[in-house]
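As the structure is a computational prediction, the values presented were derived from the model and not from experiment. FYI, side chains are in, hydrogens and waters are out, and symmetry mates aren't considered; it's all heavy atoms of this structure. Chain naming here is simple, since letters A, B, ... match the order of the sequence lines and numbering starts at 1 in each.
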Protein chains: 2
Amino acid sequence: MIDKKIGLRIKEIRKGWGLSQIELAERIGISFQQIQKYEKGTTRISVMRLQQISDALGVHITAFFEEGEKTPMVSDFALRYAPSRDSVNLPGVVQPLNKEEITLLKLFRNTRNKKVREGIIKQLQGVVELGNRK
Amino acid sequence: MIDKKIGLRIKEIRKGWGLSQIELAERIGISFQQIQKYEKGTTRISVMRLQQISDALGVHITAFFEEGEKTPMVSDFALRYAPSRDSVNLPGVVQPLNKEEITLLKLFRNTRNKKVREGIIKQLQGVVELGNRK
DNA sequence: CCAAAATACTACTCTCAGTTGTTAGACTTT
DNA sequence: AAAGTCTAACAACTGAGAGTAGTATTTTGG
């Protein structure tokens with residue numbers, strides 16, 4: 001019961017970060033099949049394991065026990081941003097990354113040249129600037 | 001480690017209610033010796049069991065994870081892992097976001113025009129392409 | 001459309017959560 | 001002061017299920 005809920009949360013957050021079961025498993029040092037069981041809720045999760053998972057996902061362990069949708073699922077130390085786009089969203093509430101954003105991030109991270117990265121950001125700033133000044 | 005801390009918390013709260021190990025064990029339906037192990041931290045506690053214990057003690061399960069006052073709202077995963085990010089970067093591995101990446105994401109999310117977003121990604125793909133084919 | 005990555009499902013192994021039994025201290029009560 | 005009661009600590013044993021590995025199926029993206 002509770003393991004089922006926790007499992008879903010794990011999956012949610014993992015996907016939010018664009019991680020595969022394999023990647024998450026490697027961070028923790030267990031098999032990805034075991035991650036599957038956690039996510040499906042077929043085996044009980046120990047507190048220790050959940051602690052490791054929390055660390056690997058960059059969220060506080062209590063994130064798995066907070067009921068309701070209005071609770072931030074992903075640690076927002078990073079993503080505390082107000083302006084929400086495609087939905088109603090409370091300030092400070094974080095959404096996991098969508099596919100497009102994950103692609104963006106992976107590419108950005110593979111861009112070693114600092115100048116190039118800064119250029120991309122500059123460019124986006126320009127675009128947003130234009131867009132807002134209607 | 002974490003089991004030890006949780007165990008102490010259980011003992012603390014149990015005594016706070018003036019309950020014996022036996023009484024607590026009965027409420028949960030296990031042997032009091034097992035409670036001992038939990039309190040000593042000699043066996044790993046499953047989330048399910050901790051949930052039962054929380055219920056039996058009349059506290060929310062998160063009570064066991066809240067550290068003193070200095071509770072970090074956020075796991076320090078990012079702090080521990082982010083610094084090394086610039087040097088080591090495995091392909092496809094996603095980590096919590098650093099400052100630069102947060103900026104990127106915020107801007108990206110404020111870019112309403114789908115075509116523009118796709119353009120940015122295309123552009124990055126080109127850059128990465130060039131960079132890798134040394 | 002095809003290869004490769006990601007996820008799902010199955011069968012096996014071996015750890016360790018949980019049980020039982022014993023002991024010891026800390027109190028009452030007679 | 002001995003005999004009963006209550007609590008907690010520790011040891012030895014057992015089997016459920018946590019964890020692994022192998023294979024099949026789905027999904028991705030090129």
Side-chain angles (χ1 to χ4, degrees), chain A residues 1-4 6-53 56-57 96-107 110, chain B residues 1-4 6-53 56-57 64 90-94 117-118 121-126 128-130 132-133:
Chain A
M1 186 64 238
I2 181 144
D3 293 288
K4 195 106 183 169
I6 301 235
L8 289 176
R9 231 26 179 309
I10 293 174
K11 189 170 192 172
E12 236 171 42
I13 299 176
R14 174 178 62 78
K15 294 218 157 181
W17 286 114
L19 286 172
S20 69
Q21 292 175 342
I22 294 175
E23 286 168 320
L24 175 55
E26 277 171 356
R27 288 189 179 190
I28 298 172
I30 60 173
S31 67
F32 71 92
Q33 290 95 333
Q34 191 55 35
I35 297 288
Q36 286 178 2
K37 292 193 185 173
Y38 290 145
E39 293 188 354
K40 291 276 172 196
T42 56
T43 57
R44 329 225 90 110
I45 308 176
S46 74
V47 170
M48 184 214 67
R49 211 18 76 81
L50 189 59
Q51 176 66 69
Q52 293 177 322
I53 293 175
L57 293 177
L97 314 183
N98 63 30
K99 284 247 175 82
E100 195 184 30
E101 289 160 352
I102 289 167
T103 306
L104 175 77
L105 249 170
K106 288 193 173 178
L107 286 169
N110 278 323
Chain B
M1 186 64 242
I2 182 143
D3 293 289
K4 195 108 183 168
I6 302 241
L8 289 176
R9 213 59 185 278
I10 293 174
K11 190 169 190 173
E12 221 173 60
I13 301 178
R14 175 176 64 78
K15 294 215 155 180
W17 286 110
L19 286 172
S20 69
Q21 291 176 341
I22 295 175
E23 286 168 318
L24 176 55
E26 277 172 355
R27 290 190 181 189
I28 299 171
I30 61 174
S31 68
F32 71 94
Q33 291 95 332
Q34 191 54 34
I35 296 288
Q36 286 178 3
K37 292 191 186 173
Y38 290 144
E39 294 187 354
K40 290 278 172 196
T42 56
T43 57
R44 332 224 91 110
I45 308 176
S46 74
V47 169
M48 184 213 69
R49 211 18 74 82
L50 189 58
Q51 176 67 70
Q52 292 178 324
I53 292 175
L57 293 177
F64 294 100
L90 304 165
V93 173
V94 177
R117 290 203 307 275
E118 285 167 356
I121 287 180
K122 277 263 159 58
Q123 188 181 350
L124 272 172
Q125 281 169 338
V128 170
E129 188 88 355
L130 281 178
N132 291 349
R133 161 180 72 213

Only pairs under 3.5 Å count here: list side-chain donor-acceptor contacts from residues 18-25 of chain B, not counting sequence neighbours, and write none if there are none.
residue	atom	partner	partner atom	Å
B:Ser20	OG	B:Ile22	N	3.4
B:Ser20	OG	B:Glu23	N	3.1
B:Ser20	OG	B:Glu23	OE1	3.4
B:Gln21	OE1	B:Gln36	NE2	3.1
B:Gln21	NE2	B:Glu39	OE1	3.4
B:Glu23	OE1	B:Ser20	N	2.8

Which pairs of donor and acceptor atoms, one on a side chain in residues 40-48 of chain A, lie under 3.5 Å apart (sequence neighbours left out)?
residue	atom	partner	partner atom	Å
A:Thr42	OG1	A:Lys37	O	3.4
A:Thr43	OG1	A:Gln34	NE2	3.3
A:Ser46	OG	A:Arg49	N	3.1

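The NZ-C1' distance, from A:Lys15 to C:dA6, rounds to 9 Å in whole Å. We find that CD of B:Gln36 is positioned 12 Å from P of C:dT19, with the value rounded to whole Å.
With hydrogens and angles ignored, no donor-acceptor pair closer than 3.5 Å exists between the side chain of B:Gln34 and the base of C:dA17. Looking at B:Lys37, its side chain comes within 3.5 Å of the base of C:dT19 through a donor and an acceptor atom. Scanning atom types as modelled, one donor and one acceptor separated by under 3.5 angstrom connect the side chain of B:Gln33 and the base of C:dG21.
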Show me the protein contacts with nucleotides 13-16 of chain C, counting only N or O atoms at under 3.5 Å.
none

Heteroatom pairs (N/O) under 3.5 angstrom, protein to nucleotides 27-30 of chain D:
residue	atom	partner	partner atom	Å
D:dT28	OP1	A:Lys99	NZ	3.4

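Remark: B:Glu118 engages B:Lys114 in a side chain to side chain donor-acceptor pair (under 3.5 Å) (not counting sequence neighbours). Scanning for salt bridge (Lys or Arg N to Asp or Glu O under 4.0 Å) contacts around B:Glu12 gives B:Arg9, with sequence neighbours left out.
Projected onto DNA chain C by closest heavy-atom contact, B:Arg49 and A:Arg14 fall at different nucleotides, the more 5' of which corresponds to A:Arg14.
Here the CD1 atom belonging to B:Ile53 is positioned 7.0 Å from the CG atom belonging to B:Leu57, to the nearest 0.5 angstrom. Atoms CG and CD1, from A:Leu105 and B:Ile121 in turn, are 10.0 Å apart once rounded to the nearest 0.5 Å.
Taking five base pairs at each end of the helix from C:dC1-D:dG30 to C:dT30-D:dA1 and finding the rotation axis that steps the C1' atoms of four pairs onto the next four gives two axes whose angle is 40°, to the nearest 10°.
Between B:Tyr38 and C:dA17 there is no side-chain polar atom (N or O) within less than 4.0 angstrom of OP1 or OP2.
Screening B:Ile30, B:Ile28, B:Ile6 for a side-chain contact (heavy atoms from CB on, under 4.5 Å) with B:Tyr38, the sole residue that qualifies is B:Ile30.
Only B:Ile30, B:Ser31, listed by number, bring a heavy atom of residues 16-32 of chain B to less than 4.0 angstrom from any atom of DNA chain C.
Among the protein residues, A:Lys40 comes within range of the sugar-phosphate backbone only, with heavy atoms under 4.0 Å from sugar or phosphate atoms but none that close to a base.
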